[in-house]
Peer 1: 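Before I ask anything, here is the structure I am working with.
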Protein chains: 2
Amino acid sequence: MTSTATGGSHRAAPVHIDPREVSLESALLALADPVRRTLVRELAASGPWERTCGTFDVPVTKATLSRHFAVLREAGLLEQKDAGPRRLNRLRREEFDARFPGLLALVLRDEG
Amino acid sequence: MTSTATGGSHRAAPVHIDPREVSLESALLALADPVRRTLVRELAASGPWERTCGTFDVPVTKATLSRHFAVLREAGLLEQKDAGPRRLNRLRREEFDARFPGLLALVLRDEG
DNA sequence: GCGAGTGTTCGTTCCCCGTCAAACAGTTTA
DNA sequence: TAAACTGTTTGACGGGGAACGAACACTCGC
């Protein structure tokens, strides 16, 4: 058999951190990068779990993109969920805004 | 006399930027550094024009400190004024908060 | 099972930023 | 003028992060 009662051989689930435990420095560093701000904005423009990692319009390779997603996760900004071979994304709006009130709003409002 | 009506041979006045023209990226990068956040907090704890550059408690040399002050100026966070051989500092609270509402509050509230 | 598709990890390269020591510039006091 | 003090500028060094290609891991359709 290929799976046990406890779950079998799936791939490692993405590592998440409670946004309440994220440092201000991590949050600022995560949002200081223009590519990551673009990801956050596109994420905010879509509904939860609507976008997979490959559907974002940023001028980097998938390796670099994967790195950026990891940084956003560690900053408490992103939640990811596996769906077959793809990975669905959700912006953690409420949680992040509770930890850093107004910060996300600045990014979403800003054009650059 | 040692000065003319136009100013004579003073040292170059510090360069300032209108906070309204500061990019979000500049602001985030400026505040992402722990030394600069300390400077901002100490500045907020004192009144305007009360502190000279040498009176801040940060573990860097004066050369590095001077650099940090320049970054804070370019981010629209700091205003400087010459007073003899010293340089007085003022946190641009209202102007910066008008450009990036809530951002300064996050830094001042945070302990780390 | 095989191949296509999706995303991560590894190793490398490059560049920017923070840091320092040393030298410089300006101001004040002696 | 000389000496002391404050702050800036320059050049060099080191570390960290962003970027890429290539290889790997996993899932699904044929």
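These values consider heavy atoms only, across backbone and side chains, with no hydrogens, waters or symmetry-generated copies. Chain A is the first sequence line, chain B the second, and so forth, proteins listed ahead of strands; every chain is numbered from 1.
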Peer 1: What is the separation between atom CZ on Arg73(B) and atom P on dG7(D), rounded to the nearest whole Å?
Peer 2: 13 Å

Peer 1: Of the nucleotides dC20(D), dG18(C), dT27(D), which has the atom closest to the Thr61(A) side chain?
Peer 2: dC20(D)

Peer 1: When you group the ILVMFWY residues by side-chain heavy-atom contacts below 4.5 Å and let the links chain together, are Leu24(A) and Val58(B) in the same group?
Peer 2: yes

Peer 1: When you check the phosphate oxygens OP1 and OP2 of dT19(C), does a side-chain N or O of His68(B) lie under 4.0 Å from one of them?
Peer 2: yes

Peer 1: When you measure from the side chain of Arg87(B) to the backbone of Lys81(B), do you find a donor-acceptor pair of N or O atoms at a distance under 3.5 Å?
Peer 2: no

Peer 1: Ignoring the backbone of Val60(A), work out which of dA21(C), dC20(D), dG18(C) is nearest its side chain.
Peer 2: dC20(D)

Peer 1: Without decimals, in angstroms, what is the distance between Leu65(A) CG and dG7(C) C1'?
Peer 2: 9 Å

Peer 1: Measuring to OP1 and OP2 of dT8(D), would you say a side-chain N or O of Ser66(B) lies under 4.0 angstrom away?
Peer 2: yes

Peer 1: Counting only side-chain nitrogens and oxygens, does Thr64(B) get under 4.0 Å of the OP1 or OP2 atom of dG18(C)?
Peer 2: no

Peer 1: State whether Glu21(B) and Arg99(B) are salt-bridged, where the test is any N-O pair (Lys NZ or Arg NE/NH1/NH2 against Asp/Glu carboxylate O) under 4.0 Å.
Peer 2: no

Peer 1: Any Lys/Arg nitrogen of Arg93(A) or Glu79(A) sitting under 4.0 Å from an Asp/Glu carboxylate oxygen of the other?
Peer 2: no

Peer 1: Can you find a heavy atom in the side chain of Glu50(B) that is under 4.5 Å from one in the side chain of Thr55(B)?
Peer 2: no

Peer 1: When hydrophobic residues are tied together by side-chain contacts of less than 4.5 Å, even through go-betweens, does Val107(A) share a cluster with Leu91(A)?
Peer 2: yes

Peer 1: Which residues in residues 74-87 of chain A have a heavy atom closer than 4.0 Å to any atom of DNA chain C?
Peer 2: Pro85(A), Arg86(A), Arg87(A)

Peer 1: Closest approach to the side chain of Lys62(A), judged atom by atom: which nucleotide of dG18(C), dT8(C), dG7(D) is it?
Peer 2: dT8(C)

Peer 1: Can you check the Leu29(B) CG to dA18(D) P distance for me, whole Å?
Peer 2: 10 Å

Peer 1: Atom CZ of Phe69(B) to atom C1' of dT8(D): distance rounded to whole Å?
Peer 2: 13 Å

Peer 1: Where is the tightest heavy-atom contact between Arg73(A) and Val15(A), given as atom of each residue plus distance?
Peer 2: NE-O, 3.1 Å

Peer 1: How long is the line joining CG of Asn89(A) and C1' of dG7(C), in whole Å?
Peer 2: 11 Å

Peer 1: Rounded to whole Å, how long is the line connecting atom CG of Asp33(A) with atom C1' of dG16(D)?
Peer 2: 14 Å

Peer 1: Arg67(B) has an atom CZ; how far is it from atom C1' of dG7(D), in whole Å?
Peer 2: 14 Å

Peer 1: How many Å lie between CG on Leu39(B) and P on dG18(C), as a whole number?
Peer 2: 12 Å

Peer 1: From the set dT9(D), dG7(D), dA19(D), return the single nucleotide nearest to any side-chain atom of Ala63(B).
Peer 2: dT9(D)

Peer 1: Taking only side-chain N and O atoms of His10(A), does any of them lie within less than 4.0 angstrom of OP1 or OP2 on dC26(D)?
Peer 2: no

